[in-house]
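Encoded as structure tokens, the structure appears first; notes follow it.
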Amino acid sequence: MNANTFINNFNSCSFMDLQKLREQAIIDVREKLKAAVTDDWLAIQASTGLDELDKAINLLVKRLREWYELYNPEFSHATEDHFRFVSLILTRNKADLLKEIKVKDTMGADLPKDDLDAIFNLAKHIKSLFELSKEQELYLESMMKKVAPNIAATAGVLIGAKLMALAGSLARLSKFPASTIQILGAENALFRHLKNRSNNPPKFGILHEHALVSKVKYGNKGKMARALGDKISIAAKVDYFKGKFVGNMLAEELDKRCRELSK
């Protein structure tokens with residue numbers, strides 16, 4: 001065997017080995033990607049989708065109200081709840097709606113049937129989006145109770161899912177200290193504080209949406225958010241490491257702290 005033949009055989013074997021190595025690497029990556037799709041990621045996707053759906057509904061309802069007010073402005077102004085507004089204009093006529101709000105006559109125009117059909121067609125689609133939003137919320141609730149029951153018990157289903165989304169995963173949230181959880185969602189305000197060196201750092205992020213924070217006095221909202229951050233931090237660690245359910249105990253401690261700060 002001459003030198004050229006040896007080199008060609010060596011190169012051929014090396015190429016085949018590299019091909020096998022490449023194929024095995026692709027298989028390993030695919031398996032890891034499949035394993036990376038965990039239940040907390042499904043909950044995060046549901047939470048993000050629900051937020052975007054609600055934004056779309058609010059935008060469409062605003063357009064529907066402006067359109068419908070050309071026909072019956074008094075009822076639109078008298079009905080603040082969006083879902084109730086959409087449901088009623090689809091099931092009752094103009095006279096009944098005016099009677100319900102005790103208005104004898106309307107300033108709205110008498111629109112032709114084709115125009116009213118277009119308005120009510122939009123209302124029908126918006127109502128279906130409301131129903132979809134409710135279905136997604138129920139799905140998210142079931143996923144949170146499965147993936148993070150302690151977080152759901154302390155932070156609530158919606159806020160808990162948002163915290164996981166902001167953190168990136170349940171694993172990352174479980175590693176965050178309570179102080180970080182407290183200000184999740186207020187990153188822009190925190191960066192402005194650090195840049196301008198102001199004396200008023202943000203005291204809470206999305207935790208301001210929590211019912212317990214809204215109950216206490218304004219001066220104590222930061223303290224309540226700190227207490228929430230502490231308990232949610234514990235809940236996240238218990239959920240991630242598949243510990244026992246302690247959500248009720250954590251929730252009771254938060255209620256007690258809320259009563260103290262409400263005095």
Side-chain angles (χ1 to χ4, degrees), residues 43-144 152 155-163 165-166 185-186 188-189 202 204-219 221 224-225 258 262:
I44 288 172
Q45 290 298 320
S47 172
T48 305
L50 187 59
D51 279 344
E52 293 173 349
L53 183 58
D54 288 341
K55 290 177 182 177
I57 290 173
N58 289 331
L59 184 62
L60 289 172
V61 169
K62 180 181 178 182
R63 173 58 51 218
L64 175 65
R65 282 183 179 272
E66 290 183 4
W67 199 357
Y68 183 79
E69 284 170 7
L70 301 175
Y71 173 67
N72 186 1
E74 291 81 6
F75 181 74
S76 177
H77 296 159
T79 310
E80 294 183 0
D81 183 81
H82 290 332
F83 181 74
R84 183 170 182 270
F85 167 75
V86 173
S87 299
L88 288 178
I89 67 172
L90 286 172
T91 56
R92 299 186 187 182
N93 59 39
K94 186 176 185 178
D96 290 340
L97 294 175
L98 291 174
K99 185 177 179 181
E100 180 170 327
I101 61 174
K102 299 178 181 179
V103 174
K104 294 182 179 181
D105 197 7
T106 177
M107 295 175 62
D110 293 326
L111 299 180
K113 183 179 182 302
D114 290 344
D115 295 327
L116 290 176
D117 287 344
I119 294 173
F120 294 141
N121 188 41
L122 176 59
K124 288 177 183 177
H125 286 294
I126 293 174
K127 187 177 180 181
S128 68
L129 290 178
F130 272 116
E131 293 168 353
L132 175 61
S133 176
K134 185 63 178 178
E135 292 172 2
Q136 290 293 303
E137 191 173 334
L138 291 174
Y139 168 75
L140 178 59
E141 183 177 356
S142 67
M143 286 300 298
M144 285 297 293
V157 170
L158 297 178
I159 295 177
K162 288 180 181 179
L163 288 171
L166 288 168
N188 290 336
F204 40 73
I206 66 168
L207 290 184
H208 80 278
E209 300 175 8
H210 200 285
L212 296 180
V213 174
S214 63
K215 284 182 180 179
V216 300
K217 299 177 181 178
Y218 180 80
K221 289 185 182 295
M224 190 67 242
C258 181
S262 298

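Quick caveat: nothing in here was measured; it's all calculated off a predicted structure. Below, all heavy atoms of this structure are taken into account, side chains as well, without hydrogens, waters or symmetry copies.
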What's the spacing between Leu207 CG and Leu212 CG if we round to 0.5 Å?
10.5 Å
Mind listing the closest non-hydrogen atom pair of Leu88 and Phe75 along with its distance?
CD1-CZ, 3.6 Å
Rounded to the nearest 0.5 Å, what's the gap from OG on Ser47 to CE on Met144? Could you check?
8.0 Å
To check you understand the geometry: which heavy-atom pair defines the closest contact between Ala165 and Thr48, and what is its length?
CB-OG1, 4.4 Å
Sort and list the pairs that fulfil side-chain hydrogen bond (donor to acceptor under 3.5 Å, both in side chains) and have at least one residue in residues 116-133, not counting sequence neighbours.
Asp54-Ser133, Lys113-Asp117
Drop me the distance from Leu158's CG to Leu163's CG, to the nearest 0.5 angstrom.
11.0 Å
State, with a plain yes or no, whether a side-chain heavy atom of Ile119 is found less than 4.5 Å away from one of Leu111.
yes
Any idea which heavy atoms bring Ser262 and Val216 closest together, and the distance?
OG-CG1, 3.8 Å
Side-chain ion pair, Glu66 and Arg63, N-O less than 4.0 Å
yes
Are any side-chain N or O atoms of Arg84 and backbone N or O atoms of Thr79, one a donor and one an acceptor, separated by less than 3.5 Å?
no
Can you find a heavy atom in the side chain of Val61 that is under 4.5 Å from one in the side chain of Phe130?
yes
Contacts of Thr106 meeting side-chain contact (heavy atoms from CB on, under 4.5 Å) (sequence neighbours excluded), chain-then-number -> Asn72, Pro73, Glu74, Lys94, Leu98
Would you call the rings of Tyr68 and Phe120 parallel, tilted or perpendicular, where under 30° means parallel and over 60° means perpendicular?
tilted
Does Ala123 have any side-chain contact (heavy atoms from CB on, under 4.5 Å) partners at least two apart in sequence or in another chain, and if so, which?
Leu64, Val86, Ile89, Leu90
Separation between CD of Glu69 and OG of Ser76, rounded to the nearest 0.5 Å:
3.5 Å
Taking all non-hydrogen atoms of both residues, which atom of Leu53 and which atom of Leu129 are closest, and how far apart?
CD1-CD2, 4.0 Å
Euclidean distance, Ile126 CD1 relative to Phe83 CZ, rounded to 0.5 Å:
12.0 Å
To the nearest 0.5 Å, what is the distance between NE2 on His82 and CZ on Arg65?
5.5 Å
If you define the side chain from C-beta out and look only at heavy atoms, does anything of Met224 sit under 4.5 Å from His210?
no
Nearest heavy-atom contact between Asn93 and Asp96 is OD1-N, 2.8 Å
Closest non-hydrogen atoms of Ala211 and Ser214, given as atom of the first, atom of the second and distance, are O-OG, 2.7 Å
More than 12 heavy atoms of other residues, nucleotides or ligands under 6.0 Å from CG of Asp110: yes or no?
no
